[in-house]
Amino acid sequence: MENLLGVFNTVSEAIDAGYAAQKEFVTNFTLEQREQIIGAMRNVALENAEKIGVMTREETNLGRVEDKIAKNQLAAMKTSGTEELKTRAFSSNLGLTIEERGPYGLIGAITPVTNAGPTIINNGIAMIASGNAVVFNVHPSAKKVSAFLVDILNRAIVEAGGPQNLITMVKEPTLDTVQEIAKSPKTKLLVGTGGPGLVKALLQSGKKAIGAGAGNPPVIVDETANIEVAGATLVQAASFDNNLLCIGEKEIFVLDSVADELIEAMKANGAYYLNEEEVQKITDLVLTVDEEEAAKPCTFGMKCEYHTNKKWVGQNASDMLAAIGVEGQDDIRLLIFDADFRNPFVQLEQMMPVTPIVRCSSFEEAIELAVEAEHGNTHSAAIWSNNTGRVTKFGKVINTTIFVQNGATLAGIGYGGTGSFTATIAGPTGEGITSPTSFTRIRRFANSNGGNRIV
Ligand code: NAD
């Protein structure tokens, strides 16, 4: 890892370099130059989307290469830029006041292993669009591909005339280096994308933090939906990158009257229906039981003694089947089964292509169970229905950042849907969809004593 631009042996070097680069950037570069720099970042990320996808799969051993490539392309093309930074103006006979979106300075950003490339591309573009520099503490299991990405982004920035080290990282990231970044007086904002432990740690730092945490997105399917389309889309969506995505559909609540039809539609589109015996075998294979946890009281009705077996997170459904003795199912993308609400796959954020289907006797029951399964993460949810009243009702009570009707939750981040991409959906700290604006502070310039008002 020699000569990689922006990649440093110590975290203090990474912080110092990022800090100095941001000072130069905000002092000497115009908004138009920022846009040129971002354009160069987009191009290099696009050109290398495939390579980054292959490298990520090799290093992390998680997910599906083709979906990783698509995510990298999406991050490069659909992350918002400087066009987002709007100025507000107020005028009266006493003078003119404007509010502008200014940078924080150096941002400390922590990335997940499940979305390594897109988070660096997306956070990098959005944070630089808003005039910041960023020091990343990347997930240790994706440090090689992350270093490659930080290097090529830096080179693109420099070639576009920008300062070196607007994006930096420490070569060997650890939990201690997260703490160093959090404690450094040179970092003004922390942005964490990952599980609950990370968000908790950042919020304890005493510094402004944007925390993007776990999800467990429920999907409701009712009898007014186009069940054929719902079944086909749900298989693709819940198996996209083997369900590593925080927004990925994790459990389905279907009304009794259309449950069989939905299961048939899913089977016809690449899902394998597990019988009871197979469900038990898959549970034993991909989940673990924690005896100590089993003795504690459960929260949110969750069977908290179960955990995901890391070995099987993000793995292929066909490999899971082969491991329980069901051979020759190479085309299978998703495992589905009839589940009770208390089933651990309903309650856990499993991040695997295994989707439980819970039959509900009424729409009211489906809403109640979906809300409980989401565990208050306020992350993502979807509904397949053509009844506007029901869609509106579910949207209100589930209260998630992303809420999709008649499509994959991916539509909520601009994949097969309208709008920009984000890799950082901040549920716990409340910003929701993050974009360049999220990484700014509102600064006010006031011209008093009249003048500059021409009407
Ligand atoms: P993770 O929490 O294990 O790790 C995420 C990052 O946080 C890593 O860089 C890790 O080194 C660091 N980290 C972990 N615990 C920490 C602690 N106590 N103190 C400081 N740093 C810590 O998560 P992961 O397995 O890499 O990613 C999967 C999780 O991320 C899932 O829960 C998923 O839902 C979530 N996620 C959320 C979003 C979102 O936008 N909300 C996006 C992607 C992933």
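Bear in mind that the values here come from a model prediction, so they are computed numbers and not experimental data. Order of listing sets the numbers, starting from 1, for every ligand and every atom in it.
For atom 32 (O) of ligand 1, the candidate residues are Glu349, Gln179, Lys250; the nearest heavy-atom contact is made by Glu349. Looking at Gly194, Cys246, Ala182, Gly192 and measuring to atom 39 (C) of ligand 1, the nearest heavy atom belongs to Cys246. Ranked by closest heavy atom to atom 18 (N) of ligand 1, the top entry among Gly197, Ser205, Ala116, Ser141 is Gly197. Residue nearest to atom 15 (N) of ligand 1, selected from Ile413, Val313, Leu198: Leu198 (by heavy-atom distance).
Heavy atoms from both the backbone and the side chain of Pro112 come within less than 4.0 Å of ligand 1. Here Thr424 has backbone heavy atoms under 4.0 Å from ligand 1, and that is the only part of it that gets that close. Using a 4.0 Å cut-off between heavy atoms, Thr111 contacts ligand 1 through its backbone alone, with no side-chain atom that close. Under 4.0 angstrom from ligand 1, there are no non-hydrogen atoms of Lys200.
Shown are Lys68, Arg64, Arg57; of these, the salt bridge (charged side-chain N to carboxylate O under 4.0 Å, His left out) with Asp241 is made only by Lys68.
For the ligand labelled ligand 1, residue Gly427 lies outside the 4.0 Å heavy-atom shell. Under the 4.0 angstrom criterion for non-hydrogen atoms, His379 is in contact with ligand 1.
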Is there a side-chain hydrogen bond (donor to acceptor under 3.5 Å, both in side chains) between Ser435 and Glu84? Walk through the geometry before answering. CA-CA 8 Å; Ser435 69; Glu84 252 223 7; 2.8 Å; yes

What verdict does the salt bridge (Lys or Arg N to Asp or Glu O under 4.0 Å) test give for Asp67 and Lys71, after you've listed the backbone C-alpha separation in whole Å, the side-chain angles of each residue and the deciding distance to 0.1 Å? CA-CA 6 Å; Asp67 298 336; Lys71 288 196 297 182; over 6 Å; no

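Here the closest heavy-atom approach between residue Gly211 and residue Pro428 is recorded as O-CD, 3.2 Å. Of all heavy-atom pairs spanning Ser205 and Ala182, the tightest one is CB-CB, 4.1 Å. Of all heavy-atom pairs spanning Lys144 and Met55, the tightest one is O-CE, 4.4 Å.
Within the cation-pi definition used here (under 6.0 Å to the ring centroid, within 45° of the axis), Lys23 qualifies as a partner of Tyr19.
A side-chain donor from one of Thr424 and Asn123 sits under 3.5 Å from a side-chain acceptor of the other. Judged purely by distance below 3.5 Å, without hydrogens or angles, the side chains of Asn9 and Lys171 pair a donor atom with an acceptor atom. Using modelled atom types, one finds a donor on one side chain and an acceptor on the other under 3.5 Å when comparing Thr177 with Asn137.
Looking from atom 28 (C) of ligand 1 to the surrounding protein, the closest heavy atom is Thr114 OG1, 3.5 Å. The shortest contact between atom 12 (C) of ligand 1 and any protein heavy atom is with Ile110 CG2, 3.8 Å.
Atoms of ligand 1 lying under 4.0 Å from any heavy atom of Gly195, numbered from 1 in the order shown and given with element: 1 (P), 2 (O), 23 (O), 29 (C), 30 (O), 32 (O). The Gly215 neighbourhood of ligand 1 comprises atoms 34 (O), with distances under 4.0 Å to a heavy atom of that residue. Close contacts of ligand 1 with Leu175, meaning ligand atoms under 4.0 Å from a residue heavy atom, involve 13 (N), 16 (C), 17 (C), 19 (N), 20 (C), 21 (N), 22 (C). Taking every non-hydrogen atom of Pro140 and a distance limit under 4.0 Å, the qualifying atoms of ligand 1 come out as 11 (O). Near Ala212, with a cut-off below 4.0 Å to any heavy atom, the atoms of ligand 1 are 37 (C), 39 (C), 40 (O), 41 (N).
A salt bridge is absent between Lys393 and Glu368; no separation between the charged side-chain nitrogens and carboxylate oxygens falls under 4.0 Å.
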